[in-house]
Amino acid sequence: MRVVNRGRFITLEGMEGAGKTSRLADLQAFLQQRGKTVLATREPGGTALGEKLRALLLAPEHGPMTPLTELLLMFAARSEHVQQVILPALDAGQWVLCDRYVDASYAYQGAGRGLGNAPVAALEALLPSQAHPDLTLLLDLPVESGLARAKRRGAADRFEQETSGFHQRVREAYLSRARQRPQRYCLIDAALSPFEVSAAIERAVGRLL
Ligand code: TMP
């Protein structure tokens, strides 16, 4: 049941190196200045167990994990995150900003790994319906420039090490999901300056205030 003063659930998605994490910090400050209590979190992760699963999922030494194992671990972390963190925060009236969520599983495991949408949709159906984002900000960037930016941050994780073909499939899946869901998604050009990207995000989020 939707509580009257329930908070808002905003997810950030995008390519590697698109700057999600820094823009999420800017958005958190923007909302706090407007009197909102904000919870910033991430996937995979966001709980003690989820952060352990994240470390397993991102570590390059687990390279040959099967795509289904990868998807199930993403959803194991997500189930914990939704029940222990996201829903309690929304019910308490907080605004939840989440760095990646279910759309990432469609893009990375469904398209990138080639599992298709069906197994992702089957797992998504197990999540409570209240755990659906109000707004998804897609920070889009050409694959090569995103990977080059990510590379400058340090050693590549298991996903960053993937081929540009993999990342191209991820990007196309995100763009196609955004086109099919214009009411929930806001597409943002992450090649703009950080200031311009944050301004575009604030305009989109302003509609929820
Ligand atoms: P990032 O949040 O720092 O970008 O790193 C998380 C990585 O995990 C990123 O490469 C995308 C990947 N990922 C998936 O493959 N599926 C998912 O469902 C989620 C949440 C993340």
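Note that ligands are numbered from 1 as they come in the structure, with each ligand's atoms numbered from 1 the same way. Treat the numbers as computed from the prediction; the structure is a model and nothing was measured.
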So for R78 against ligand 1, with non-hydrogen atoms under 4.0 Å, the contacting part is side chain
Under 4.0 Å, heavy-atom basis, I'd like to know which part of E16 is in contact with ligand 1: side chain, backbone, both or neither. side chain
Go through the steps to decide whether R42 and E51 satisfy the test salt bridge (charged side-chain N to carboxylate O under 4.0 Å, His left out), and finish with yes or no. CA-CA 9 Å; R42 68 173 179 183; E51 290 295 327; 2.6 Å; yes
Top protein contact for atom 13 (N) of ligand 1, by heavy-atom distance: M74 CE, 3.5 Å
May I have the list of side-chain donor-acceptor pairs in residues 201-209 shorter than 3.5 Å, sequence neighbours left out?
none

Which one holds for A107 and ligand 1: side chain close, backbone close, both close, or neither close, with close meaning a heavy atom under 4.0 Å? neither
Quick check with a 6.0 Å cut-off and a 45 degree axis cone: is R78 positioned over the face of F75's six-membered ring? yes
For F9, what residues pass the ring pair (Phe, Tyr, Trp, His ring centres under 6.0 Å) criterion, not counting sequence neighbours? Y101
In terms of side-chain heavy atoms, does E70 have a donor or acceptor partner in Y108 at a distance below 3.5 Å? no
Go through ligand 1 atom by atom and flag the ones less than 4.0 Å from a non-hydrogen atom of R54. 1 (P), 2 (O), 3 (O), 5 (O)
Min N/O separation D157 to ligand 1 under 3.5 Å: no
Just to check, does R158 reach to within less than 4.0 Å of ligand 1 when the distance is taken from its heavy atoms? no
Quick note on ligand 1: atoms under 4.0 Å from a heavy atom of E43 include exactly 2 (O), 20 (C)
Do D103 and R181 sit within salt-bridge range, that is, some charged N less than 4.0 Å from a carboxylate O? no
Ligand 1 versus Q109: contacting region, heavy-atom distance under 4.0 Å: side chain
Atom 18 (O) of ligand 1: closest protein heavy atom, distance to 0.1 Å, is S105 OG, 2.6 Å
